[in-house]
Amino acid sequence: MIEILRKEIAKFETREDKFNYLREILQILILKIIHDSGFFKNLVFTGGTALRILFDLRRFSEDLDFSLANKSGYTLSQFSQSLKNQIFQYGLEADTKENDKKTVHQVDVKFKSVLLDLDVSSLPGEKLFIRVEVDSNPPKGGKTGISLIHRYFIFPVAHFDLPSLYATKLCACFFRKYVKGRDFYDLL
């Protein structure tokens with residue numbers, strides 16, 4: 001996997017571009033792992049990264065957001081362990097840390113040496129961080145669909161349809177307790 005990553009980011013000149021595209025490739029890898037592990041029977045892909053990957057939104061996004069559509073057979077610890085094990089199967093090292101104390105569960109995935117291995121960073125301890133968030137009590141009414149991702153891998157992803165994704169952005173813009181400029185950007 002590391003050679004595939006090296007080849008893909010070699011197309012870019014700046015450290016920032018390499019870092020952003022590397023993160024996006026690893027996000028897609030995590031989506032593939034979620035598919036391969038069968039978690040799309042429980043989860044629906046949503047948020048800014050869904051807009052970017054599925055609908056070509058022109059904004060990089062740091063995290064992967066999901067709504068828990070089917071609680072049967074899902075636990076955050078099993079999900080987190082599956083991510084870590086499968087990342088290792090792809091020849092990459094990552095630590096995972098989970099938090100299920102709030103309604104939105106989090107798994108922080110920290111890729112240990114990938115930045116150093118790919119010469120994106122010269123700092124031995126620098127890690128590439130991707131947060132995976134799962135809303136365990138999502139609002140009702142979102143319509144779902146399935147799309148085929150065909151970048152780096154080919155696999156289907158369960159996601160909210162475009163009107164439902166934008167409905168969540170509208171809610172974020174007008175009802176979030178704090179302002180995130182990216183919500184307004186995504187909406188526009």
Side-chain angles (χ1 to χ4, degrees), residues 8 20-76 78-84 86-87 90 94 96 98-100 102-109 111 128-176 180-188:
E8 288 300 319
N20 286 333
Y21 281 96
L22 177 59
R23 173 181 286 139
E24 188 165 286
I25 296 166
L26 293 173
Q27 288 171 336
I28 291 170
L29 175 63
I30 290 171
L31 288 169
K32 178 162 179 18
I33 289 169
I34 291 169
H35 166 265
D36 291 348
S37 301
F39 281 104
F40 275 119
K41 70 179 182 251
N42 304 97
L43 303 175
V44 178
F45 191 28
T46 188
T49 310
L51 288 168
R52 168 134 178 101
I53 291 173
L54 300 172
F55 299 102
D56 294 324
L57 179 72
R58 295 187 180 276
R59 173 179 74 82
F60 283 105
S61 183
E62 294 186 5
D63 58 0
L64 293 167
D65 297 315
F66 299 90
S67 288
L68 183 59
N70 178 7
K71 296 179 182 183
S72 177
Y74 167 84
T75 66
L76 185 65
Q78 182 184 25
F79 176 67
S80 175
Q81 191 61 46
S82 177
L83 286 176
K84 184 175 182 175
Q86 292 297 317
I87 289 168
Y90 279 95
T96 57
E98 58 197 64
N99 181 349
D100 63 357
K102 296 180 181 177
T103 302
V104 177
H105 299 167
Q106 297 175 341
V107 178
D108 292 337
V109 180
F111 290 87
L128 191 146
F129 171 80
I130 296 173
R131 175 166 283 159
V132 180
E133 295 187 326
V134 178
D135 185 345
S136 66
N137 189 23
K140 305 290 183 226
K143 304 274 191 251
T144 60
I146 296 179
S147 291
L148 193 64
I149 291 183
H150 48 82
R151 291 172 57 201
Y152 315 112
F153 307 97
I154 299 174
F155 59 97
V157 172
H159 61 87
F160 283 123
D161 67 358
L162 196 55
S164 298
L165 286 168
Y166 277 102
T168 62
K169 286 297 174 181
L170 273 170
C171 287
C173 288
F174 296 111
F175 299 109
R176 192 188 303 263
K180 284 188 175 180
R182 65 182 183 221
D183 291 328
F184 288 95
Y185 176 88
D186 293 349
L187 184 62
L188 293 175

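Every value quoted in this text rests on a predicted model; they were computed, and no experiment measured them.
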(request) Kindly assign one of parallel, tilted or perpendicular to the pair Phe40 and His35, based on the angle between their ring planes and the thresholds 30° and 60°. (result) tilted
(message) Keeping Thr49 on the side-chain end and Asp63 on the backbone end, is there a donor-acceptor pair under 3.5 Å?
(response) yes
(message) Could you check whether atom CG of Leu148 has more than 12 heavy atoms from other residues, nucleotides or ligands sitting under 6.0 Å from it?
(response) yes
(request) Return yes if some donor-acceptor pair links the side-chain N/O of Asn42 with the main-chain N/O of Asn70 below 3.5 Å, else return no. (result) yes
(request) Give a yes or no on whether a salt bridge exists between Asp36 and Lys32, defined as a side-chain N under 4.0 angstrom from a carboxylate O. (result) yes
(request) Step by step, work out the ring pair (Phe, Tyr, Trp, His ring centres under 6.0 Å) result for Phe79 and Phe39. (result) CA-CA 8 Å; Phe79 176 67; Phe39 281 104; 5.1 Å; yes
(message) Go through it in stages, so that I can follow the logic: the residues are Val44 and Phe66, the test is side-chain contact (heavy atoms from CB on, under 4.5 Å), and I'd like the CA-CA distance, side-chain angles, deciding distance and then a yes or no.
(response) CA-CA 5 Å; Val44 178; Phe66 299 90; over 6 Å; no
(request) Give a yes or no answer on whether the side chain of Thr103 reaches the backbone of Ser136 with a donor-acceptor pair at less than 3.5 Å. (result) no
(message) Between the side chains of Asp108 and Arg131, is the shortest nitrogen-to-carboxylate-oxygen separation below 4.0 Å, so that they form an ion pair?
(response) yes
(message) If we count only N and O atoms by modelled type, under 3.5 Å, do the side chains of Ser82 and Ser37 hold a donor and an acceptor together?
(response) yes
(message) I need the minimum non-hydrogen distance between Leu76 and His105, along with the two atoms involved.
(response) CD2-CB, 3.7 Å
(message) Can you confirm whether the side chains of Thr46 and His159 place a donor and an acceptor under 3.5 Å from each other?
(response) no
